[in-house]
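Accompanying notes for the structure given below.
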There are 2 protein chains.
Amino acid sequence: MSDAQAPAQISRREQILREAARLFAERGFHGVGVDEIGAAVGISGPGLYRHFAGKDAMLAELLVGISERLLAGGRMRIAEGGESPEAVLRALIDGHIDFALDDRPLITLHDRELDRLREADRKRVRQLQRQYVELWVDVVREVHPGPSESRARAAVHAVFGLLNSTPHLGRPGALPGRTEMAELLHGLALGAFGAVAREAAEGESMAASASASAAASGA
Amino acid sequence: MSDAQAPAQISRREQILREAARLFAERGFHGVGVDEIGAAVGISGPGLYRHFAGKDAMLAELLVGISERLLAGGRMRIAEGGESPEAVLRALIDGHIDFALDDRPLITLHDRELDRLREADRKRVRQLQRQYVELWVDVVREVHPGPSESRARAAVHAVFGLLNSTPHLGRPGALPGRTEMAELLHGLALGAFGAVAREAAEGESMAASASASAAASGA
DNA sequence: CATCCGGGTTAATGGGCGTTAACCACATCC
DNA sequence: GGATGTGGTTAACGCCCATTAACCCGGATG
């Protein structure tokens, strides 16, 4: 127990978590059996119970885990405090994009299977999510002081939907690669946030805000 | 059977579909039992089999239905052809927002439970979805000729994620009401699409693209 | 009046699945 | 070199649940 404790690679436990995440994301929590999860890591069926109290416990650990990591990442980037509020917002966006692109299954689970948790775990996850959202809301309102808080919060939720959309994409290579995708999403998110500010700035001419940007090109 | 055929309101069948949609969206396809669906419409358990071949058939009808209505709506708005490509894009966005806000459960199901369908139905739904996406891609590229097709397609997917984010929102009234929400989402979507164009227009200075907004486009 | 038949009912069937029980092998420690 | 504990195994239990069977009732049909 003294030296060989850090056994080279990831523990069996984490291996199970990764496969479970993939399967849950693919077929839903209820859609995948405990035997399949076992098979995915080379052991079969009830062997999983040597590592987890039950199927629910796996999902709980996955969801709490990603919620905590998202929040921690967000707090870190805010604490680092870029040169400007805009820089902080860009850092938040990039951080979230990294999560969305690298941990697709978890991002999917994160808003799909939350209700399958036991009350206590669900409350914890929701609380973490709420804190994460508020982090963003504060930064967004700092960058774009116009809109009301509820408007800003709704915008943040919507942009999360935008950033988290990557997992749902068609399999074939009809889409950009990872780095181009990250850059594109970054731009889309900034554009969306910018719009909420522009909209608030202009009194009422909502229609004009659309064409104002690129309209001249067609004409 | 001659006169009283259109019996005032919605048929039992449609009643079942609506409740099933709500329950599936809330707890997942596998998470809701056939007895619960029956209970939700006042009959119990296997009585549903007088109206549907099985649980799968309900889901299939729901998903094919919404996919068809989305596509039909999109085609209609394009056929009507607004005064400009921009107007058509705005119409598409508004139409989609109406769906997202009025048929939340269906929008949720639409990208959550697709894999629970039998092969044939799944193929059909995917085909309808693909056609709908291509509709948008064409219009977006007309409005913003800069970006590559794959870039435009990814942007459309992302904006769908944005527009479809409404169902996942916190219950309490911490968010804007329906009309304000629609307006906000409209602005966010336009802002996102605008960004993909701006980004492509400017060579590399990505950071500036946020604040530059409308100014740079003419030049 | 007898007959259908649409739309229900409850009971039975059968399979899938999460979990537990009982048992086992190997490495490590003393 | 026997005790111990960790990480497996397979078999069994029990529940849940979709589907089917068998039966029923009320109204339109003729």
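Chain identifiers are assigned alphabetically (A, B, ...) following the order of the sequence lines, protein sequences preceding nucleic acid strands; residue numbering begins at 1 within each chain.
The CD1-C1' distance, from Ile37(B) to dA18(D), rounds to 11 Å in whole Å. Atom CZ of Arg13(B) is separated from atom P of dG8(C) by 13 Å (rounded to the nearest Å). dG6(C) atom P lies 16 Å from atom CD1 of Ile16(B), rounded to whole Å. Between the NE2 atom of His30(A) and the C1' atom of dA18(D) there is a distance of 16 Å, given to the nearest Å. Separating the CZ atom of Arg50(A) from the C1' atom of dT19(C) is a distance of 12 Å, rounded to the nearest angstrom. If you measure from atom CD1 of Ile43(A) to atom P of dT6(D), you get 16 Å, rounded to the nearest angstrom. In this entry the distance linking CD of Gln15(A) with C1' of dG8(D) reads 14 Å, nearest Å. Distance CZ (Phe52(A)) to P (dG18(C)): 15 Å, rounded to an integer number of Å.
Within the 4.0 Å cut-off from OP1 or OP2 of dT6(D), not a single side-chain nitrogen or oxygen of Arg12(A) is found.
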Next item on the list: Test side-chain contact (heavy atoms from CB on, under 4.5 Å) on Glu68(B) and Leu128(B) and set out the steps.
Entry: CA-CA 7 Å; Glu68(B) 283 175 345; Leu128(B) 290 166; 3.5 Å; yes
Check: Hey, mind stepping through Glu134(A) and Arg153(A) against side-chain contact (heavy atoms from CB on, under 4.5 Å) and telling me if it holds?
Finding: CA-CA 8 Å; Glu134(A) 295 312 315; Arg153(A) 182 160 23 241; 2.7 Å; yes
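With distances taken from any side-chain atom of His51(B) to the nucleotides dG8(C), dT19(D), dA11(D), the minimum falls on dG8(C). For Pro46(A), counting side-chain heavy atoms from C-beta on, the closest listed nucleotide (dA18(D), dG18(C), dT20(C)) is dT20(C). When distances run from any side-chain atom of Tyr49(B) to the nucleotides dT20(D), dG8(C), dT10(D), the shortest one goes to dT20(D).
The aromatic rings of Phe160(A) and Trp136(A) sit perpendicular, their planes meeting at an angle over 60°, well past the 30° parallel limit.
Taking the nucleotide of DNA chain C with the nearest heavy atom to each of Gly45(B) and Asp35(A), the more 5' of the two is matched to Gly45(B). Between Gly42(A) and Lys55(B), the residue anchored nearer the 5' end of DNA chain D, judged by the nucleotide with its closest heavy atom, is Gly42(A). The 5' end of DNA chain C is approached more closely, in terms of each residue's nearest nucleotide, by Gly31(A) than by the other of Gly31(A) and Ala53(A).
Taking OG from Ser150(A) and CD from Glu180(B), the interatomic distance works out to 5.5 Å, rounded to the nearest 0.5 Å.
In this structure a side-chain-to-backbone donor-acceptor pair under 3.5 Å is missing from Glu142(A) to Pro85(A). The main-chain N or O of Leu92(B) is never found under 3.5 Å from a side-chain atom of Arg77(B) such that the two would form a donor-acceptor pair. Of the possible polar contacts, none joining the Arg178(A) side chain to the Leu101(A) backbone as a donor-acceptor pair under 3.5 Å is found.
Defining each end axis of the helix from dC1(C)-dG30(D) to dC30(C)-dG1(D) as the rotation carrying four pairs' C1' atoms onto the next four, with five pairs an end, the two axes are found to diverge by 0° to 10 degrees.
When heavy atoms are screened at a 4.0 angstrom cut-off, Gly54(B) is found touching the sugar-phosphate backbone but no base atom. Residue Val32(A) is in sugar-phosphate contact alone, with no base atom involved, counting any heavy-atom pair closer than 4.0 Å across all strands shown. Gly47(A) comes within 4.0 angstrom of a nucleotide base, judged by non-hydrogen atoms across all strands.
Ion pairing between a basic and an acidic side chain is recognised when a charged N comes within 4.0 Å of a carboxylate O; Glu83(A) and Arg90(A) show no such pairing.
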